[in-house]
Amino acid sequence: MNRLTDPVPDGRAVTLPLPPAWPRYSGATAARVQRRIREGDVYAFGRERSVLELEGWAREYFQVEHALAVSSGTAALTCAYAGLGIGPGDEVLVPTYTFHASATPLFALGALPVLYDCDPVSARADIDDIAARIGPATKAICVTHMFGLPADMDALLELADRHGIPVVEDAAQAHGATIGGRKVSTLGAAGCLSLGGQKMISGGMGGLLLTNSADIHARALLLGHAHERAQEELPATSRWTGPAETGHGQNLRMHPIAAELALEHCHSLDERIAVRTAVLTGLSERLARFGFLDPPRTPAGCSRGGWYGYKVVYRPEHAAGTPIDDFVSLLQAQGLKVARPTTKPLHQTWPFQHHDIGLAGYDPQRRRPLYRDDELPHATHLYGATLAFPDKNLHQPADAVLDQYVQGIERVARRLGL
Ligand SMILES: Cc1ncc(COP(=O)(O)O)c(C=O)c1O
């Protein structure tokens, strides 16, 4: 075999550019935003038009009683936990294989995240591992629909109901994903969407909290939407009336211009999900011929909605034992935009390996569980065996460049003597 540093014979397989990265916005949206800037209409304290329109769309699309636009997916998760009344000393079960914001809002609330493992191929929540970690202090279970793939909600809700524990769905990556025709983010006590960055609905930054619970909605308003909005919305006779004036210390409101941007994506969501699903299932069909790659599979009865992230499991045992970093280098040399993922499982990050997280007053009542790097073995394995494909550029048909991706992988296979 040639050394990895040798020049690629015959040049690179991939010569065509990928489509432009998401998010994109129309001229009409740009004109609306420009008008608002011209008129200085860039701030809102109470119930603002674009924010209300976004929330109205969300209530209708997700068929939920309450939709609260917030400043980020992280804020939505913070509101969900606060909305459930989670506080100092409470435990919440959280996946290790997720983005840190599924867990980190719990630190601010003085609660204790307890991590659980995932399936080693699909990254779905391991329901048996959740069951094993439920204890007397468990006050909620968070589940992340990773890469848009719905968790096994029937099994999870059955378990959670049996123990009387509410479920928070982190659907930041799963806009519009369904399981048995039901939309994720509407199945637990609260659903949290990120409307930030390169999400399927993006205001640049933003989030949505979805719930059918008036109590969760009320506590979320008190946490992040105090004064005008909380005072207008919370019934004058309720227990919330007194605290509504000042709230509980955060400003988690979504920026009206972010809502303006996100609205465009809301109205086209279903059509774009259809296109994206066709493009990414087309990529999976192309990759299925390579025994050393395990592309994402979507079980019957599920759909991934926005498909945030497209991760492939690499099997070195079918690639002459080639280490993953060498394999990635060979693909990159052929012009493929693939990389190792950068988001570690949480049990490998600082706050889950140390008691002192630099937060004054944290851990006042009890110590948290800490983890070793190799604990939670499925997530550990998955993190070490995964390749990220450039899904942010795959929101429109890209057959010609994806065919070149296949040629690039074939050339690498030949180079490895496979
Ligand atoms: C699974 C998951 N949860 C939460 C978040 C946090 O969302 P935000 O970045 O909008 O705060 C993200 C963001 O990518 C995410 O992927």
Side-chain angles (χ1 to χ4, degrees), residues 21-23 51 54 58 67-83 92-109 113 115-116 118-119 122-125 140-151 153 156 167-177 184-185 188 190-210 220 223-224 250-255 257-259 261-262 265-266 296 304-311 341-347 349 351 379 382-383 386 388 391-392:
W22 188 255
V51 169
L54 177 71
L68 185 65
V70 289
S71 54
S72 66
T74 309
L77 284 149
T78 309
C79 287
Y81 294 136
V92 176
L93 300 186
V94 183
T96 188
Y97 201 75
T98 185
F99 182 75
H100 63 255
S102 310
T104 44
L106 294 164
F107 294 133
L109 296 172
L115 301 178
Y116 65 83
C118 64
D119 178 89
S122 69
R124 263 180 149 191
I141 301 170
C142 170
V143 67
T144 303
H145 305 294
M146 263 325 250
F147 316 131
L149 178 61
M153 289 302 287
L156 178 60
V167 171
V168 172
E169 291 180 87
D170 182 344
Q173 305 190 353
H175 301 190
V184 307
S185 65
C192 303
L193 270 66
S194 163
L195 308 185
Q198 293 166 315
K199 305 293 181 339
M200 202 64 166
I201 301 170
S202 179
M205 296 222 265
L208 270 173
L209 172 71
L210 308 176
L223 184 70
Q250 308 279 320
N251 168 8
L252 302 178
R253 300 193 302 277
M254 186 169 187
H255 196 287
I257 288 187
L261 295 175
H265 294 167
C266 292
R304 290 181 185 249
W307 277 79
Y308 188 81
Y310 183 97
K311 304 285 192 288
T342 50
T343 309
K344 284 183 198 165
L346 293 185
H347 70 276
T349 62
L382 194 54
Y383 177 59
T386 305
D391 77 294
K392 308 300 178 290

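Just follow the structure's listing: the first ligand is 1, and inside any ligand the first atom is 1. Start at 1 with the first residue, then count along the sequence.
- Here the shortest heavy-atom distance to atom 9 (O) of ligand 1, taken over Gly196, Ser194, Gly206, belongs to Ser194.
- Each of Asp170, Thr74, Thr96 was evaluated against Ser102; a single residue qualifies, Asp170, per the side-chain hydrogen bond (donor to acceptor under 3.5 Å, both in side chains) test.
- In this structure, Tyr116 and Val143 have side chains that are in contact, with non-hydrogen atoms separated by less than 4.5 Å.
- Per-residue contacts place Thr74 under 4.0 angstrom from the following atoms of ligand 1 (heavy atoms of the residue considered): 6 (C), 7 (O), 8 (P), 11 (O).
- The nearest heavy-atom contact from the protein to atom 8 (P) of ligand 1 is Gly73 N, 3.5 Å.
- Scanning all protein heavy atoms for the shortest distance to atom 5 (C) of ligand 1 gives Phe99 CD2, 3.4 Å.
- Ligand 1 places these atoms under 4.0 Å from at least one heavy atom of Ser72: 10 (O), 11 (O).
- Atom 14 (O) of ligand 1 has its closest protein heavy atom at Lys199 NZ, 2.8 Å.
- For Met146, no heavy-atom contact with ligand 1 is shorter than 4.0 Å.
- If you check which protein heavy atom lies closest to atom 16 (O) of ligand 1, you get Gln173 NE2, 2.9 Å.
- Using a 4.5 Å heavy-atom threshold, the side chains of His175 and His265 count as separate.
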Walk me through whether Met254 and Leu195 qualify under side-chain contact (heavy atoms from CB on, under 4.5 Å). CA-CA 10 Å; Met254 186 169 187; Leu195 308 185; 3.9 Å; yes
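- The ligand atoms of ligand 1 that sit less than 4.0 angstrom from a heavy atom of Thr144 are 1 (C).
- With a 4.5 Å cut-off on side-chain heavy atoms, Met146 and Pro95 do not count as touching.
- For Lys199 and Ser194, the side-chain atoms include at least one donor-acceptor pair closer than 3.5 Å.
- The nearest protein atom to atom 1 (C) of ligand 1, hydrogens excluded, is given as Asp170 OD2, 3.4 Å; this is a heavy-atom distance.
- Stacking of Lys344 on the aromatic ring of Tyr97 is not recorded, the 6.0 Å distance cut-off and the 45° axial limit not both being met.
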